[in-house]
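Encoded as structure tokens, the structure appears first; notes follow it.
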2 protein chains.
Amino acid sequence: MAFIPDDTLLGLLAFRPQHGYQLLEIFRDPAELGCVWKLSVSQLYAVLKRLSAQGYITGEEMASANAPARVVYTIAPIGRERLYSWLHEPQPSASIRSVRVEFLSRLYIARLLNLPTIEIIRRQKLACRQERAARIHQRDTAPLGVSHLSLDLQVGQLDAILNWIDRCEMIPHDGEDL
Amino acid sequence: MAFIPDDTLLGLLAFRPQHGYQLLEIFRDPAELGCVWKLSVSQLYAVLKRLSAQGYITGEEMASANAPARVVYTIAPIGRERLYSWLHEPQPSASIRSVRVEFLSRLYIARLLNLPTIEIIRRQKLACRQERAARIHQRDTAPLGVSHLSLDLQVGQLDAILNWIDRCEMIPHDGEDL
DNA sequence: ATGGGGCTATTCTATCATGGAATAGTGTCA
DNA sequence: TGACACTATTCCATGATAGAATAGCCCCAT
């Protein structure tokens, strides 16, 4: 299963306890996770509820002087465990969508927490190379037609990823300016 | 709205009347639409029900000597209208996923029905070029960080599509061998 | 004051997608 | 005749998604 929103939210809460609306703004801001993928209002609160029910986070209602009541969530120890095993996933998916969404989310969270990203990138690169080899083999045995075209496109997309992925190491950490 | 499964199924039924299980095999076969995207059993029947309720197709139960009863669906005139307006969509989406799924489905259906594909390809290419220009502009004004990386990846993916898309014209029609 | 509009914060609802199991007929082979 | 595989469809539980609904708080004009 993927559950990218769940793991990403755990990462954001590992950075610091936050309430739903605060998290939402990170997904709305095109300079933050908003550029990677959109999380709808209802899904965000649904995921928080699920994580809470599963014991990965704990919520505490807090009254505020200048705003309606809010629920501040804090990551629990088993949430932290789950987060680290997600970040250090040994065999990340190499589907095009996963690279754009899950891998970039991992990078975002790792940077936020000031963790090293080299291993994350290395494993993703390896997975993409393996995927590319598999697709090339399929393409070269596929009959001409749409299936051949589709595999050809996928190889091209993986090549684009492999050309791009090394640039991911060269961006500074920015966990402090949130 | 997208509704790619609906439009694709209309295309398959425009080729010839078929029942659910027959359609399903086209999506299971990796040499046919199976390479483009998977349609689950339940979704296929759900879409057929929806199309039928909306009057785009009509179903007729048929008993068979060597198999359980089945429902054979036939495309209705307004279904055919809808199909053609989908095939000739003047402004196709240029998202990476749309190209891989919707554009290739259009191509598949156009080939199946022995319709010309040049215009479909031309419009898709144009849309991708516009999308590329927009993403480049966003990237070059984005702050360094994950958002910049994400846009950079998207530009690379669009370049890969533009390199690939001209090869789509050079594949023979194969509507006869189903 | 008061009532509208806008921001914060969350919930609710309806529809659709997804994967899997369940049902049920038909043919094959031992 | 019982096990198994294939055909054909339905059902169910869970999750995703968009949108409206609710509701407190603040500012500003009437």
Side-chain angles (χ1 to χ4, degrees), chain A residues 1-9 12-13 17-29 33-34 36-54 56-74 93 95 97-98 101-102 105, chain B residues 1-9 12-13 17-29 33-34 36-54 56-57 59-73 93 95 97-98 101-102 105:
Chain A
M1 313 292 158
F3 290 114
I4 308 172
D6 301 57
D7 293 307
T8 306
L9 284 177
L12 294 171
L13 292 176
Q18 296 182 73
H19 58 90
Y21 201 81
Q22 259 176 311
L23 295 162
L24 206 58
E25 298 208 308
I26 300 174
F27 288 96
R28 285 211 267 239
D29 184 346
L33 278 174
V36 174
W37 103 96
K38 306 287 175 206
L39 200 53
S40 69
V41 180
S42 39
Q43 199 187 349
L44 180 120
Y45 286 102
V47 170
L48 286 175
K49 221 162 248 171
R50 183 166 60 214
L51 287 172
S52 180
Q54 293 169 337
Y56 294 116
I57 63 178
T58 57
E60 193 185 354
E61 181 139 349
M62 292 199 164
S64 165
N66 57 351
R70 55 180 76 154
V71 183
V72 173
Y73 289 97
T74 307
S93 161
S95 83
R97 186 171 184 279
S98 274
V101 176
E102 189 166 22
S105 297
Chain B
M1 315 292 157
F3 289 114
I4 309 171
D6 301 57
D7 293 308
T8 307
L9 284 177
L12 293 172
L13 292 175
Q18 296 182 73
H19 57 89
Y21 201 80
Q22 259 175 310
L23 295 162
L24 205 58
E25 298 210 306
I26 299 174
F27 288 96
R28 283 213 267 241
D29 185 346
L33 278 174
V36 174
W37 103 96
K38 306 285 174 207
L39 199 54
S40 69
V41 180
S42 37
Q43 200 188 349
L44 180 120
Y45 287 103
V47 171
L48 286 175
K49 221 162 249 174
R50 184 166 58 214
L51 288 172
S52 180
Q54 292 169 336
Y56 295 115
I57 62 178
E60 193 185 353
E61 181 141 350
M62 290 200 165
S64 162
N66 57 350
R70 54 181 77 152
V71 182
V72 173
Y73 289 96
S93 161
S95 82
R97 184 170 185 280
S98 274
V101 175
E102 188 165 24
S105 296

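Remember, it's a predicted structure, so these values are computed and weren't measured experimentally. Naming convention: chains lettered A, B, ... in sequence-line order (proteins, then strands); numbering from 1 in each chain.
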Whole angstroms only, please: what is the [atom1]-[atom2] distance between [X] and [N]?
| X | N | atom1 | atom2 | value |
| --- | --- | --- | --- | --- |
| A:Gln54 | D:dT14 | CD | P | 12 Å |
| A:Arg97 | C:dA17 | CZ | C1' | 13 Å |
| B:Arg70 | D:dT7 | CZ | C1' | 8 Å |
| B:Phe27 | C:dA17 | CZ | P | 13 Å |
| A:Arg28 | D:dA18 | CZ | P | 13 Å |
| A:Glu61 | C:dA9 | CD | P | 13 Å |
| B:Gln22 | D:dC6 | CD | P | 18 Å |
| A:Leu23 | C:dT8 | CG | C1' | 14 Å |

The residue, B:Pro68 or A:Leu24, whose nearest nucleotide of DNA chain C is more 5′ is A:Leu24
side-chain contact (heavy atoms from CB on, under 4.5 Å) partner of B:Leu33, the single match among B:Val101, B:Leu12, B:Leu39 = B:Leu12
Does CZ in B:Arg97 sit with more than 12 non-hydrogen atoms of other residues, nucleotides or ligands closer than 6.0 Å?
-> no
In terms of heavy-atom contacts, does CD of B:Gln54 have more than 12 from other residues, nucleotides or ligands at under 6.0 Å?
-> yes
Is the distance from OP1 or OP2 of D:dT9 to the nearest side-chain N or O of B:His19 less than 4.0 Å?
-> yes
Can you list, by residue number, the residues of residues 37-51 of chain A that have a non-hydrogen atom closer than 4.0 angstrom to DNA chain C?
-> A:Val41, A:Ser42, A:Tyr45, A:Lys49
Output the distance between atom CD (A:Gln43) and atom CZ (A:Arg50), rounded to the nearest 0.5 Å.
-> 7.5 Å
One should read off an interatomic distance between B:Ile57 CD1 and B:Tyr73 OH, to the nearest 0.5 angstrom, of 6.0 Å
Scanning both residues in full, the closest heavy-atom pair of A:Ile26 with A:Gln18 reads CD1-OE1, 4.0 Å
